[in-house]
Amino acid sequence: MPVARPESSHPRIIAHVDMDCFYVQVEQRKKPELRGLPSAVVQYNEWKGGGLIAVSYEARGFGVKRSMRGDEAKQVCPQIHLVQVPVARGKADLSTYRNAGSEVVSILARKGRCERASIDEVYLDLTDAAEAMLRENPPESLEAVHEEVLKSHVLGLANEDEIDKKENVKRWMCNSDADHRDKLLACGAIITAELRMQVLMETEFTCSAGVAHNKMLAKLASAMNKPAQQTVVPSSSVNGLLYSFPIKKMKQLGGKLGTSLQGDLGVNTVGDLLQFSEEKLQDLYGVKTGTWLWNIARGISGEEVQGRLLPKSHGSGKSFPGPRALKTAATVQHWLNQLCDELSERICRDLEENKRTAHTLTLHATAYGPSERDSHKKFPSKSCPLRYGTGKIQEDAFNLFQAGLREYLGSYGAKTQGSQHPERWAITGLSVSASKIMAIPSGTCSIMKYFGGEQRCDAPARQVEANFIQEAVPTSPSDSKNCTELECCERVELTDNYSDYIEDNKVPMEEDKNLSLLGHEVDSSTKEASQPHFPSESCSGKTKVSAQEFPSEDVRHQLSTARSKRKEQKNSALKDQGTILRFFKSNDQAQEPTRSQGDGSNSCNAIQNGGGRAAWSYKVDEIDESVIAELPEEIQAELESWIRPQKRANTVKRGGATTIAHYFSANQK
DNA sequence: ACGGGTAGGACG
DNA sequence: TCGTCCTAC
């Protein structure tokens with residue numbers, strides 16, 4: 001739901017960058033012969049040619065639309081090339097698109113705060129960069145403005161359609177009499193054009209962009225001229241732009257709220273909203289939404305660009321429409337296993353690449369069944385603490401499913417359980433997701449505080465284990481069987497360290513498994529999120545090309561050098577995947593997240609002997625995961641960052657010693 | 001019985 | 001908090 005935020009007084013320069021038919025471009029880069037042809041990306045072509053999820057602009061010219069079936073697209077455009085989405089584990093696999101999106105983000109993030117809004121959209125706060133440019137190298141002093149900048153659409157500029165358009169744009173960009181805000185916008189437009197060219201050279205992807213004073217307007221603008229163009233929104237143009245702008249096309253108003261505005265208030269354009277007082281809108285839609293509506297009608301939006309390059313959750317799901325609905329626990333389990341397998345791979349990759357761990361596993365399902373006839377009951381989502389390891393995730397997810405199913409079926413289900421007439425339920429959608437993703441805490445002080453007093457940090461490992469085990473009360477969703485089997489995520493690509501993977505035992509189907517399980521599954525942990533740790537920008541040897549050095553004759557050459565640069569980067573990225581040990585060594589310099597409970601500062605000091613470093617070792621495979629849940633929360637967060645990677649390190653040298661010594665600093669701040 | 005698969009955010 | 005609902009691409 002929209003929430004009103006005060007607009008900051010200081011003018012900001014915000015860009016919204018939107019990749020053009022992104023999935024198509026990704027496929028075209030893979031198969032360059034598709035460039036320039038009407039094409040579309042389709043998934044599941046079994047039924048009516050599959051569903052289109054991205055359509056090239058050439059194909060749009062023939063009337064092909066998203067959400068057509070492949071067959072329909074062929075009808076309106078027989079020569080269309082349909083490319084299939086990659087499939088893995090029997091489901092669509094979007095990872096190539098996600099990765100391609102990451103390429104783009106890493107380029108765009110160079111010039112300012114960057115928010116990855118979706119797989120193919122990014123917001124940028126270019127305020128600082130624009131101010132710097134205006135100070136040090138203002139457009140009015142430029143003798144030449146790059147073609148790409150001149151191709152900008154500047155809203156409100158007279159004679160948009162005229163032949164002298166570029167001349168007009170140049171005059172606007174370089175106008176020394178312009179409003180300060182417009183000068184900043186001009187700088188923003190130049191920076192944005194440069195970034196888009198950089199994206200094109202390094203990724204071969206085109207994008208469109210909007211440049212404005214806030215996110216809402218930037219987003220509106222980026223969609224106004226596509227593909228491969230950019231649109232600038234001077235303040236003076238805002239009212240005119242919004243006045244006739246269809247309300248339903250505003251972000252957040254494409255759904256029920258927009259429909260209500262139309263149906264209940266007769267508001268069809270943003271301008272129509274101006275007649276309503278803030279109080280009236282608040283009465284109708286609540287204080288927050290009312291204020292938000294009142295503001296957006298005036299082009300006001302104070303939302304900040306979140307500095308976030310990484311997703312906040314990972315999910316894997318699949319639908320099973322109509323006749324394909326899942327009707328037995330065995331098929332549900334099969335598909336859950338597939339989904340969990342993918343999810344596990346993705347969170348493990350996140351851990352390796354970004355040093356982040358997910359802490360909550362959630363299962364969603366959609367179902368129809370006996371209870372749906374009378375009541376429109378929904379299958380409840382369920383969540384539990386996330387344990388790393390594919391087998392564990394699969395096991396936990398299936399337990400969550402069973403818990404949800406019992407609830408869904410209600411008392412009716414309990415009665416007929418185990419009878420010869422199974423429930424007539426059917427699952428039409430399944431998804432699992434991993435959320436509460438936090439950067440691995442890099443300090444160790446809270447562990448020391450926990451053991452402080454009774455436990456010296458360099459005490460023998462045995463005693464540490466004893467402490468763990470004494471206080472252990474298993475609470476994990478599954479009975480914590482002795483986890484001596486070490487789990488590691490599958491990472492075929494990274495052959496150096498993480499390739500070992502030991503599959504969990506398959507979870508046997510137990511219809512009547514532990515009804516009270518769910519009560520224990522709920523994770524009451526309230527861990528304070530630590531600062532996300534962004535992947536280091538390993539942009540070695542990027543082609544640096546200024547706007548003026550970008551004549552079209554050079555594009556071909558630059559693209560090819562950029563292409564080989566990319567490959568170099570990939571290789572060096574692989575090499576850069578350090579060993580676990582190296583990871584810890586590099587991390588122990590980092591900062592300790594803040595925490596509240598005190599008194600243990602002396603114990604911290606106590607271990608700061610030997611130049612602030614101490615060695616600590618223990619036998620990893622003798623610590624049961626379930627004990628961790630019983631530790632104080634701030635300890636849990638910290639411990640998990642140690643134990644999990646440690647187990648993984650252990651598998652690397654499987655058969656060898658199981659004791660690993662870690663070195664860490666006790667410095668805190 | 002469908003755009004499918006993902007994401008993010010607000011609310012109670 | 002968790003679970004639900006809404007929205008968007």
Side-chain angles (χ1 to χ4, degrees), chain A residues 1-4 16 18-23 40-45 47-55 65-70 72-73 85-88 91-95 97-98 101 115-122 219 222-223 248-260 285-289 292 303 306 308 310-325 339 342-343 346 359-366 368 377-385 400 403-404 407 426 428-437 518 521-527:
Chain A
M1 273 303 137
V3 164
H16 178 258
D18 195 333
M19 305 309 293
D20 305 317
C21 55
F22 189 44
Y23 293 4
V41 175
V42 68
Q43 61 186 359
Y44 303 134
N45 68 350
W47 193 66
K48 297 190 177 180
L52 273 53
I53 55 178
V55 180
K65 295 192 182 126
R66 252 188 326 238
S67 104
M68 272 183 174
R69 308 300 309 188
E72 297 174 74
V85 158
V87 171
K91 66 179 288 298
D93 180 4
L94 306 183
S95 55
Y97 309 126
R98 263 184 227 109
E115 174 182 337
R116 186 178 194 168
S118 77
I119 199 165
D120 69 340
E121 280 178 278
V122 162
K219 163 93 176 155
S222 71
K248 291 279 281 183
K249 297 190 77 173
M250 295 287 294
K251 193 171 179 205
Q252 303 296 318
L253 298 181
K256 300 189 174 181
L257 182 51
T259 303
S260 165
Y285 295 109
V287 176
K288 283 177 170 178
T289 302
W292 179 81
E303 274 179 79
Q306 307 294 317
R308 184 174 48 74
L310 300 172
K312 301 172 89 166
S313 65
H314 299 288
S316 175
K318 179 168 175 57
S319 66
F320 308 93
R324 297 204 241 174
L339 299 176
E342 182 190 332
L343 185 66
R346 282 167 59 191
H359 293 263
T360 301
L361 174 70
T362 306
L363 175 124
H364 300 271
T366 57
Y368 63 82
K377 200 161 145 197
K378 295 236 158 85
F379 195 100
S381 0
K382 293 290 165 201
S383 58
C384 72
L400 291 176
E407 194 174 315
T428 56
L430 275 180
S431 82
V432 289
S433 61
S435 59
K436 294 208 182 81
I437 301 180
L518 205 59
E521 283 168 356
V522 180
D523 181 20
S524 62
S525 62
T526 55
K527 300 157 192 151

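Letters go in sequence order (proteins before strands), and every chain restarts at 1. Side chains included, hydrogens not; waters and symmetry mates left out as well; all remaining heavy atoms used. Here the structure is a predicted model, which is why all the values come from computation and not from measurement.
Here A/Ser381 reaches the OP1 or OP2 of C/dT4: one of its side-chain N or O atoms lies under 4.0 Å away. Here A/Ser313 reaches the OP1 or OP2 of B/dG8: one of its side-chain N or O atoms lies under 4.0 Å away. Contact annotation: A/Tyr44 side-chain N/O to B/dG5 OP1/OP2 distance is under 4.0 Å. Phosphate proximity of B/dC11 to A/Lys288: present, with a side-chain N or O under 4.0 Å from OP1 or OP2. Residue A/Lys48 places no side-chain N or O under 4.0 Å from the OP1 or OP2 atom of B/dA1. For B/dG5, the OP1/OP2 oxygens have a side-chain nitrogen or oxygen of A/Ser319 closer than 4.0 Å. For C/dC9, one of the phosphate oxygens OP1 or OP2 lies less than 4.0 angstrom from a side-chain nitrogen or oxygen of A/Lys219.
The side chain of A/Thr428 approaches B/dA1 more closely than any other nucleotide in the set B/dA1, B/dG3, B/dT6. The side chain of A/Ser383 sits closest to C/dG3 out of C/dC9, C/dC5, C/dG3. The nucleotide whose nearest atom lies closest to any side-chain atom of A/His364 is, among B/dT6, C/dT4, B/dG3, C/dT4. Side-chain atoms of A/Arg98 lie closest to B/dA7 of the nucleotides B/dG5, B/dA7, B/dG8. Closest to the side chain of A/Lys251, from the set C/dA8, C/dC2, B/dG5, is C/dA8. Listed nucleotides B/dT6, B/dA1, C/dT7 differ in distance to A/Pro323; the shortest reach to its side chain belongs to B/dA1. The nucleotide whose nearest atom lies closest to any side-chain atom of A/Lys382 is, among B/dG8, C/dG3, B/dG3, C/dG3. When distances are taken from the side chain of A/Arg66 to each of B/dG3, B/dT6, B/dA1, the shortest belongs to B/dG3. Of the candidates B/dG8, C/dC5, B/dA1, the closest approach to any side-chain atom of A/Pro311 belongs to B/dG8. The side chain of A/Lys378 lies closest to C/dC5 when the candidates are B/dA1, C/dC5, B/dG9.
For A/Tyr23 and B/dG3, the OH to P distance is 17 Å, given to the nearest whole Å. In this structure, the CG atom of A/Leu253 is 12 Å from the P atom of C/dC9, given to the nearest Å. Taking atom CD on A/Glu121 and atom P on B/dG8, their separation rounds to 13 Å, with Å as the unit. Here C/dT1 presents its C1' atom at 16 Å from CG of A/Leu361, a figure rounded to the nearest Å. Between the CZ atom of A/Arg346 and the P atom of B/dG5 there is a distance of 12 Å, rounded to whole Å. Taking atom CH2 of A/Trp292 as the reference point, atom C1' of B/dA10 lies 13 Å away to the nearest angstrom. Remark: P of B/dG3 and CG of A/Leu52 are 13 Å apart, rounded to the nearest angstrom. At whole-Å resolution of the value, CG in A/Leu94 and C1' in B/dA7 are 11 Å apart.
Taking the P atom of each, B/dG9 and C/dT1 are spaced 15 Å apart, rounded to whole Å. Atom C1' of C/dT7 sits at a distance of 16 Å from the matching atom of B/dG3, rounded to the whole Å.
Atom CZ of A/Arg98 sits in a crowded spot, with more than 12 heavy atoms from other residues, nucleotides or ligands closer than 6.0 Å.
Under the side-chain hydrogen bond (donor to acceptor under 3.5 Å, both in side chains) criterion, A/Glu121 pairs with A/His16, A/Ser118, A/Lys219, sequence neighbours left out.
Contact record, A/Ser433 with A/Leu343: C-CD2, 3.9 Å, taken as the closest heavy-atom pair.
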Exercise for the section: Assess whether side chain to side chain contact (heavy atoms under 4.5 Å, CB included) is satisfied between A/Asp18 and A/Asp120, documenting all intermediate values. Expected result: CA-CA 6 Å; A/Asp18 195 333; A/Asp120 69 340; 3.9 Å; yes

Exercise for the section: Start with the C-alpha gap between A/Thr259 and A/Lys248, add the side-chain angles, then the distance that decides, and say whether side chain to side chain contact (heavy atoms under 4.5 Å, CB included) holds. Expected result: CA-CA 7 Å; A/Thr259 303; A/Lys248 291 279 281 183; 2.7 Å; yes

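Within the nucleic acid shown, A/Met250 comes within 4.0 Å of sugar-phosphate atoms alone, with no base atom in reach, counting heavy atoms only. A/Arg116 comes within contact range of no nucleotide atom at all, as no heavy-atom separation falls under 4.0 Å. Counting non-hydrogen atoms under 4.0 angstrom, A/Glu115 reaches nothing in the nucleic acid. Within 4.0 Å of A/Thr362, counting heavy atoms only, lies no atom of the nucleic acid at all. Across all strands, A/Phe22 comes closer than 4.0 Å to no nucleic acid atom at all (heavy-atom distances).
Atoms CG and NZ, on A/Leu361 and A/Lys436 in that order, are 11.0 Å from each other to the nearest 0.5 Å.
Of the two residues near DNA chain B, A/His314 and A/Met68, the one whose nearest nucleotide lies more 5' is A/Met68.
At distances below 3.5 Å, not a single donor-acceptor pair connects side-chain atoms of A/Arg66 with backbone N or O atoms of A/Val55.
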